[in-house]
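Everything below concerns the one structure shown next.
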2 protein chains.
Amino acid sequence: MHTSLDWIPCFVRQTLDACRRSSDDPAIHEQVLREVLQWISEMDLSLSPPALAQRIHRRLREITGDENPYEKDKAAHNQLALGFLPPLEKKVQASGDPLIEATQLAIAGNIIDLGAKSGLSESDVLAALEHAANVDLTGDLDAYRAAVSSAKRILYLADNAGEIIFDRLLIEQLGEGRVTVAVRGQPIINDATRIDAQTAGLDRIATVIDNGSDAPGTLLAECSESFQRCFDEADLIISKGQGNYESLSGCSHSNIFFLFKVKCPVVAESAQIPLGSHALLQNQQVL
Amino acid sequence: MHTSLDWIPCFVRQTLDACRRSSDDPAIHEQVLREVLQWISEMDLSLSPPALAQRIHRRLREITGDENPYEKDKAAHNQLALGFLPPLEKKVQASGDPLIEATQLAIAGNIIDLGAKSGLSESDVLAALEHAANVDLTGDLDAYRAAVSSAKRILYLADNAGEIIFDRLLIEQLGEGRVTVAVRGQPIINDATRIDAQTAGLDRIATVIDNGSDAPGTLLAECSESFQRCFDEADLIISKGQGNYESLSGCSHSNIFFLFKVKCPVVAESAQIPLGSHALLQNQQVL
């Protein structure tokens, strides 16, 4: 997916968010923002939004020296989510359709996205979870059930910290012995890395790998060889979040389901799904 | 008021909004946005937000050749507002406190602001008007009533097209013979100019002037001499909208009431009033 101009105001806001997390000095915020504006004015918009965000955040890290500006947010979101988890586990267990119940909750957890929005309150997260089962789920549920039922090797691409705690509900439903969970290779915005997968306890119910990359999505050509092999060999890929959708939509893998909450108008338009709803989209390969 | 960095994403969005209204050609949108980003990266942030917006929109007009990108929106908003007006006039007449009823409706009309938001639906406007009387009105209402009661010469600074129709409800309450309504001197975003004041019928109940300027606010030093004289001679100024607040807050006039709907987090923080509420703030002169 190329980058529409509508992303630019969002990149500018992300820059400001990140540099304010790295420094308390307004003079540094101004210097960083001016430099990044200049830099954005020359960006190659044929790249995908996660590829451009990757480059912007690399430059931000160079300027500020802060390798993980969102570290505190991520830890706080994990703790918040862990507190919400026990009743949700019971809800899934008691459900007549636990796979879809867990899928809806995992997608609702995708609200925890500091790329799409500057901040997030506890009540935003709680409301998303409470109403998860009633949100429109756009996609072919029968195809999804069949794919989950027949898959031998499932690769689950995680998105954000906090959200990854709710992914556990779905990964438990997918069953042990066939799921590999992939996280980012380095901190980028509030995306999940290995430490978040461990906090979620995913290493006890699945194989956890990282993709070797610092993009807030999955830029296959930049991922590690071992990740690429795992990607190619998986007969089902469950891909969480807008960033993975923006970077993998149209790729050559024949069996990907993109699960995300539609959080911005640009993605709503590109995916043709209303803002706020839950997407469960199959990959449309561009051959 | 100087310009906080939080305004920058908003300026970038405004640029995109305006150039899309001026041209259907994506290549032109990209060229304009890149140029304006470069230009914003070097802006003097000691200027107020309306002063910077003025310069950005001047540059946009130079590039696109379109002197009034929001012309259609403004006409549509005026027509929409005129349709809503008759029942609101009856509501004010029937009210036990017509001055405050009309003040709340005039502030609710300030939702029609394409500087603060890209688009606006009929239902947004209707909801704002229906709930106007119940929205928190932050300010010293007794001081406001006393100022209105004793003023001999009132200068009413209008803000946007559409909104100006609802201003009529308040201007009628202020009474004939002492009100001058000032609009912008040239089209800028969806701000009201003479034609909008005429559409609202304000020329029949008040004196209408323009301020001679193309800023989306009131930059006194750039306004016409006749406007400046009127400003100095008024013993009460009623100033509508965030743009007038951002450019006049702290100025030397001793008796200004700023009426606006708090529509963005930056203004909410600077005015110390919750987002969504109605402001009726007295000028705090910076001497």
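Per chain, numbering begins at 1; letters A, B, ... match sequence-line order.
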Can you tell which of B/D66, B/I188, B/N68, B/I56 makes a side chain to side chain contact (heavy atoms under 4.5 Å, CB included) with B/R61?
B/I188
Between A/C10, A/S4, A/P26, A/P9, who has the most heavy-atom pairs with chain B when the cutoff is under 4.5 Å?
A/P9
Donor-acceptor check, side chain of B/N110 to backbone of B/I107, threshold 3.5 angstrom: yes or no?
no
In terms of side-chain geometry, is the basic nitrogen of [X] or [Y] positioned less than 4.0 Å from the acidic oxygen of its partner?
X	Y	result
A/E71	A/K74	no
B/R20	A/D6	yes
A/R184	A/D159	yes

Show me the donor-acceptor pairs, under 3.5 Å and distance only, between side chains in residues 268-275 of chain B and residues at least two apart or in other chains.
{"residue": "B/Q272", "atom": "NE2", "partner": "B/E269", "partner atom": "O", "Å": "2.8"}

For the pair B/F166 and B/F84, name the ring-plane relationship: parallel under 30°, tilted 30 to 60°, perpendicular over 60°.
parallel
Using only non-hydrogen atoms and a strict under-4.5 angstrom cutoff, which residues of residues 27-35 of chain A touch chain B?
A/H29, A/E30, A/L33, A/R34
Can you tell me which portion of B/I40 sits under 4.5 Å from chain A's heavy atoms? Options are side chain, backbone, both or neither.
both
